[in-house]
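See structure below.
Chain letters run A, B, ... following the sequence lines, proteins first, then strands; residues in each count from 1.
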Amino acid sequence: MGKAKLYFIVGPTASGKTAVSIELAQRMGAEIISADSIQIYRGMDIGSAKPGEDERRGIPHHMINVASPAEKDYSVTRYRESALKAVADILSRDKTPLVVGGTGLYVNALIYPLDFPAAPPDAELRAHWNEAEAKEKGSAHRRLSQLDPESARRLHPNDVKRVIRAIEICEGTGETLSARGADFTRRDDESLPCAPVLAGLTMPRELLYARIERRVDEMLAFGLEDEVRRLLASGVDPGSLAMQGLGYKQMASHILGRRGFEEAAEEIKRETRRFAKRQLTWFRREERIRWFDIAALGGAEAAADAIYSYFTEVRDGR
RNA sequence: GCCUCGGUAGCUCAGCUGGUAGAGCAAGGGACUGAAAAUCCCUGUGUCGGUGGUUCGACUCCACUCUGAGGCA
């Protein structure tokens, strides 16, 4: 008997992960761990398509509503720590953990040894270099060329966030990012208590986009605007991390009078399509994912059945 | 029925006096190590409505034809 398995359902937004995961959790007697960078925030329900109490049908959900939108410093590291704790907790109760989500980096944090450099985010340093970049494009990248030429070569000068982070690591640890080796996706994480088993949900692009369109309309009808107003009224900064989420950013912009409602709605749809495309790109390179076409299978229940038999097969080593 | 103006990329359109096409938007592909629903990089995807003709050569000129909009009757 090898390591315990850690089961995953991944896929782009609006691909039906929530419905399938709940069906599947019922069959497996599993508890769900969300891998979604927006569902972690309390009060961000409609825009993040967070499953409501009734929709969860009694299945325990972890890593949902674990942070305040006013928080400035939520990060993958925190996600990783808490999620791994949840995994351990679930296993200790002889239940099965099922990770469900579309945030690729969060998923990778659970299946790879992402031994993040011990350089915590430095708000001051980030502000400094963001300013420098605003004044003169490329200045952060020039600085990085001195500190860590190899990373500078790998990163595009316009990719300011990564360039600044690389500087942060050098200045915070005296160590370069490139010295750590960048091939973590090649290694399995021996330190993880579980072996990952991944199922991906997909469907023809056209169909996915139609679902996104419908879903955004639903969010708007269910009161996304009011939700965003509430967040802003409660003191959440429009520039905060949480408010960069899809739908939230555009709605806040509309509320602040920077664009019309229709314009905001169209923008949310377009940006969500692009996001879904990026998610697909991210997950495509993970060759361990077994893909399930939910449309071809004929819906969430059938997909849950198919994934259940796949998981069972893997578990029994067939 | 006659006249006029259109028919070029998924959409809106550009293409000067002939040298097999280009912008915006949409879209596609990719990257991703403490911001990741973030951030960034790359890419034109086309029987130029159809058929003939003139020409070394036609999206461009001519004829016919199909089709859309408007005008006159």
| Distance check: side-chain N/O of A:Ser75 vs OP1/OP2 of B:A35, anything under 4.0 Å? | no
Listed pairs under 3.5 Å, donor-acceptor, residues 40-47 of chain A side chains, sequence neighbours left out:
| residue | atom | partner | partner atom | Å |
| --- | --- | --- | --- | --- |
| A:Arg42 | NH1 | A:Asn65 | O | 3.3 |
| A:Asp45 | OD1 | A:Lys50 | NZ | 2.8 |

| message | On the nucleotide B:G34, are OP1 or OP2 found under 4.0 Å from the side-chain N or O atoms that A:Arg165 carries? | response | yes
| Residues from residues 207-223 of chain A lying under 4.0 Å of RNA chain B - heavy atoms | A:Tyr209
| task | Report the stems of RNA chain B as range-with-range entries sorted by first number; a stem here is at least three consecutive pairs, Watson-Crick or G-U wobble, both distances under 3.5 Å, and write none if there are none. | result | B:1-7 with B:66-72, B:10-13 with B:22-25, B:27-31 with B:39-43, B:49-53 with B:61-65
| Is A:Asn158 near enough to B:C40 that one of its side-chain N or O atoms lies under 4.0 angstrom from OP1 or OP2? | no
| request: Can you tell me which residue pairs pass the ring-ring contact (aromatic ring centres under 6.0 Å, His included) test with a partner in residues 66-104 of chain A, sequence neighbours excluded? | output: A:Tyr79-A:Tyr106
| message | I'd like to check the side-chain contact (heavy atoms from CB on, under 4.5 Å) partners of A:Asp293; sequence neighbours left out, ordered by chain and number. | response | A:Thr202, A:Met203, A:Pro204, A:Ala295, A:Ala296
| message | B:A26, OP1 or OP2 - any side-chain N/O from A:Arg274 closer than 4.0 Å? | response | yes
| request: Name the residue closer to the 5' end of RNA chain B, choosing between A:Trp282 and A:Phe275 according to the nucleotide with the nearest heavy atom. | output: A:Trp282
| Can you list the residues that meet the side chain to side chain donor-acceptor pair (under 3.5 Å) rule with A:Arg270, with sequence neighbours excluded? | none
| Is the shortest side-chain N/O distance from A:Arg278 to OP1 or OP2 of B:A36 below 4.0 Å? | no
| said: Please report the distance separating the P of B:U54 from the corresponding atom of B:A58, rounded so that it comes out in whole Å. | reply: 11 Å
| query | Taking ILVMFWY side chains as joined if any heavy atoms are under 4.5 angstrom apart, and letting links pass through other members, which residues group with A:Ile164? | reply | A:Leu125, A:Trp129, A:Leu144, A:Leu147, A:Leu155, A:Val160, A:Val163, A:Ile167
| task | Indicate whether OP1 or OP2 belonging to B:G29 is found under 4.0 Å from a side-chain N or O atom of A:Arg205. | result | yes
| request: Look at the side-chain N and O atoms of A:Arg80 and state whether any lies under 4.0 Å from the OP1 or OP2 oxygen of B:G34. | output: no
| query | Do other residues, nucleotides or ligands put more than 12 heavy atoms under 6.0 Å from the CD atom of A:Glu301? | reply | no
| If we ignore angles and hydrogens, is there a donor and acceptor under 3.5 Å between the side chains of A:Arg215 and A:Thr13? | yes
Can I get a per-line list of side-chain donor-acceptor pairs under 3.5 Å for residues 15-22 of chain A, giving both atom names and the distance, sequence neighbours left out?
| residue | atom | partner | partner atom | Å |
| --- | --- | --- | --- | --- |
| A:Ser15 | OG | A:Pro12 | O | 2.7 |
| A:Lys17 | NZ | A:Gly11 | O | 3.1 |
| A:Lys17 | NZ | A:Pro12 | O | 3.0 |
| A:Ser21 | OG | A:Lys17 | O | 3.1 |
| A:Ser21 | OG | A:Thr18 | O | 2.7 |

| query | Hey, can you pull the residues of residues 41-50 of chain A with a non-hydrogen atom under 4.0 angstrom from RNA chain B? | reply | A:Gly47, A:Ser48
Write out a two-atom table: protein N or O, nucleotide N or O from nucleotides 43-45 of chain B, distance below 3.5 Å.
none

| said: Expected output is a numbered-order residue list: members of residues 121-129 of chain A with a heavy atom under 4.0 Å from any atom of RNA chain B. What is it? | reply: A:Pro121, A:Arg126
| query | Between A:Arg284 and B:G30, is there a side-chain N or O to OP1/OP2 distance below 4.0 Å? | reply | yes
| said: Quick check on contacts: within residues 235-271 of chain A, what sits under 4.0 Å from RNA chain B by heavy-atom distance? | reply: A:Leu241, A:Gln244, A:Gly245, A:Leu246, A:Arg270
| query | OP1, OP2 of B:A36 versus side-chain N and O of A:Tyr106: anything below 4.0 Å? | reply | yes
| Within 6.0 angstrom of A:Glu71 CD, more than 12 heavy atoms from elsewhere | yes
